[in-house]
Colleague: 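Pasting in a structure now, in structure tokens, and then I'll have a few things to ask.
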Amino acid sequence: MNTQDKPSLAVSLSKEWPAAELLPVAELIMDSAVGRLWLAAGPHGLSHLSVLTGDDRERRITLVSASAAQKARAEVILAQTKSQLLEYFAGARQVFELPLAPKGTRFQRTVWQALVGLPYGSFTSYGELAVKIDNPKAVRAVGTANGANPIAIIVPCHRVIGKDGRLTGYAWGLAMKQQLLNLEAGRPS
């Protein structure tokens with residue numbers, strides 16, 4: 001595994017919230033170096049970050065109603081996320097400091113926690129990630145969990161490559177995956 005000093009995220013995904021508390025109550029759409037991003041959050045943290053490849057209706061999650069305080073907390077999280085993403089794309093941020101609250105199984109959250117432990121500019125393979133979570137035979141399950149990641153870029157599934165060093169699948173295409181890896185390596189896209 002190619003690594004540096006710092007993990008890519010300064011928080012843990014290990015907290016288990018009741019599923020109903022993980023539903024998003026606020027959203028934000030922003031422009032970025034890789035296209036329009038859709039962000040959604042609940043009162044406990046960012047729950048979704050995806051790339052809009054068509055029109056804005058392709059978002060698949062419906063916001064739920066919440067108290068004014070819960071919605072305000074989610075909106076603060078979205079503003080922090082936008083600010084940190086802009087810093088990331090400008091090359092000024094390597095570690096995200098955000099509360100995250102993705103909905104997933106215990107196994108998925110374990111894989112996602114391992115992903116956020118990957119330092120900026122590093123990469124790993126599905127097999128190495130399976131070993132890292134102490135489940136070396138779960139390579140395919142790790143790949144499935146990686147593909148189910150609801151928080152792109154911040155939970156850096158783009159840092160997972162094939163064991164032969166080639167780029168492997170990415171929900172938003174290999175060109176975007178290469179663009180993110182180039183950004184983190186300090187290479188022009």
Colleague: So, taking the atom named CG in L78 and the one named CZ in R73, what distance separates them when rounded to the nearest 0.5 Å?
Modeller: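 Taking CG in L78 and CZ in R73, the distance rounds to 10.5 Å.
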
Colleague: Rounded to the nearest 0.5 Å, what's the gap from CD on Q113 to CG on L118? Could you check?
Modeller: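 It is 10.5 Å, given to the nearest 0.5 Å.
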
Colleague: Applying the 4.5 Å side-chain criterion to the ILVMFWY set and letting contacts propagate, would L28 and L85 be lumped into a single cluster?
Modeller: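 Linked within one cluster.
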
Colleague: Taking S83 for the side chain and A79 for the main chain, is one N or O donor matched with an acceptor at less than 3.5 Å?
Modeller: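 Looks like no, no N/O pair under 3.5 Å.
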
Colleague: If you look at every heavy atom in V25 and S65, which pair is closest and at what distance?
Modeller: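 The answer is CG1-O, 4.5 Å.
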
Colleague: Assess whether side-chain contact (heavy atoms from CB on, under 4.5 Å) is satisfied between L37 and I29, documenting all intermediate values.
Modeller: CA-CA 6 Å; L37 302 179; I29 295 173; over 6 Å; no

Colleague: Within the distance-only criterion (no hydrogens, no angle test), does the side chain of Q84 pair as donor or acceptor with the backbone N or O of R93 below 3.5 angstrom?
Modeller: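 Not at all, since once roles are kept as given, no pair shorter than 3.5 Å links the two residues.
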
Colleague: Within the structure provided, determine whether Q80 and V76 are in side-chain contact (heavy-atom separation under 4.5 Å).
Modeller: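 Result yes, sub-4.5 Å side-chain heavy-atom pair found.
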
Colleague: Can you tell me how far apart OG1 (T110) and CG (L115) are? Round to the nearest 0.5 Å.
Modeller: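 Rounded to the nearest 0.5 Å, the OG1-CG separation comes out at 11.0 Å.
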
Colleague: To the nearest 0.5 Å, what is the distance between CD1 on I153 and CE on M176?
Modeller: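 Answer rounded to 0.5 Å: 4.5 Å.
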
Colleague: Enter the distance from E184:CD to Q94:CD here, rounded to the nearest 0.5 Å.
Modeller: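 If I round to the nearest 0.5 Å, the distance is 8.5 Å.
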
Colleague: Which atoms form the tightest heavy-atom contact between A40 and P24, and what is the distance?
Modeller: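 Result for this residue pair: CB-CB, 3.6 Å.
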
Colleague: Donor-acceptor pair, distance only, cut-off 3.5 Å: does the side chain of W112 make one with the backbone of A145?
Modeller: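 Indeed, once roles are kept as given, a pair shorter than 3.5 Å links the two residues.
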
Colleague: Is there side-chain contact between L181 and L167, with at least one heavy-atom pair below 4.5 Å?
Modeller: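 They are in side-chain contact.
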
Colleague: Search all heavy atoms of K71 against all heavy atoms of A66 and return the closest pair with its distance.
Modeller: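 Nearest pair, atom of K71 first, then A66: N-CB, 4.5 Å.
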
Colleague: Please tell me whether V142 and V139 are part of a single hydrophobic cluster in this structure, the criterion being side-chain heavy atoms less than 4.5 Å apart.
Modeller: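 The answer is yes; both residues are in one hydrophobic cluster.
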
Colleague: Shortest non-hydrogen contact from F89 to A33?
Modeller: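 Closest heavy-atom pair between F89 and A33: CD2-CB, 3.7 Å.
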
Colleague: With hydrophobic residues grouped by side-chain heavy-atom distances under 4.5 Å, do V160 and F107 end up in a single group?
Modeller: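 Yes: a chain of side-chain contacts under 4.5 Å links V160 to F107.
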
Colleague: Any side-chain heavy-atom pair from L52 and W172 closer than 4.5 angstrom?
Modeller: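 Contact flag for L52/W172 side chains = no.
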
Colleague: Heavy atoms only: give me the nearest L39-K82 pair and the separation to one decimal.
Modeller: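 Closest approach of L39 to K82, heavy atoms only: CD2-N, 4.3 Å.
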
Colleague: Would you call the rings of Y88 and Y120 parallel, tilted or perpendicular, taking 30° and 60° as the class edges?
Modeller: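 Rings of Y88 and Y120: perpendicular, over 60°.
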
Colleague: Counting C-beta onward and ignoring hydrogens, is there a side-chain heavy-atom pair between R166 and L174 closer than 4.5 Å?
Modeller: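 Of all side-chain heavy-atom pairs linking L174 with R166, none is under 4.5 Å.
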
Colleague: Check whether S47 reaches the backbone of L23 with its side chain - one donor and one acceptor, N or O, closer than 3.5 Å.
Modeller: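 Answer holds: no.
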
Colleague: If you compare all heavy atoms of I77 against all heavy atoms of G42, which two are closest, and at what distance to 0.1 Å?
Modeller: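 Closest approach of I77 to G42, heavy atoms only: CD1-O, 3.7 Å.
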
Colleague: Can you check whether V116 reaches P156 side chain to side chain, under 4.5 Å on heavy atoms?
Modeller: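 Side chain of V116 against side chain of P156, heavy atoms only: contact under 4.5 Å found.
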
Colleague: Taking M30 as the starting point, is it possible to reach V51 by hopping between hydrophobic residues whose side chains are less than 4.5 Å apart?
Modeller: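 They do share one cluster, since a chain of ILVMFWY contacts under 4.5 Å joins V51 to M30.
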
Colleague: Is the ring pair H158/Y170 parallel, tilted or perpendicular, if the boundaries are 30 and 60 degrees?
Modeller: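 Judged by the thresholds at 30° and 60°, the geometry between H158 and Y170 is perpendicular.
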
Colleague: Find the distance between CD1 (I151) and CG (L46) and round it off to the nearest 0.5 Å.
Modeller: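 Interatomic distance, I151 CD1 to L46 CG, rounded to 0.5 Å: 4.5 Å.
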
Colleague: Under 4.5 Å between side-chain heavy atoms, counting indirect links through other Ile/Leu/Val/Met/Phe/Trp/Tyr residues: same cluster for I161 and V131 or not?
Modeller: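 In one cluster: no.
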
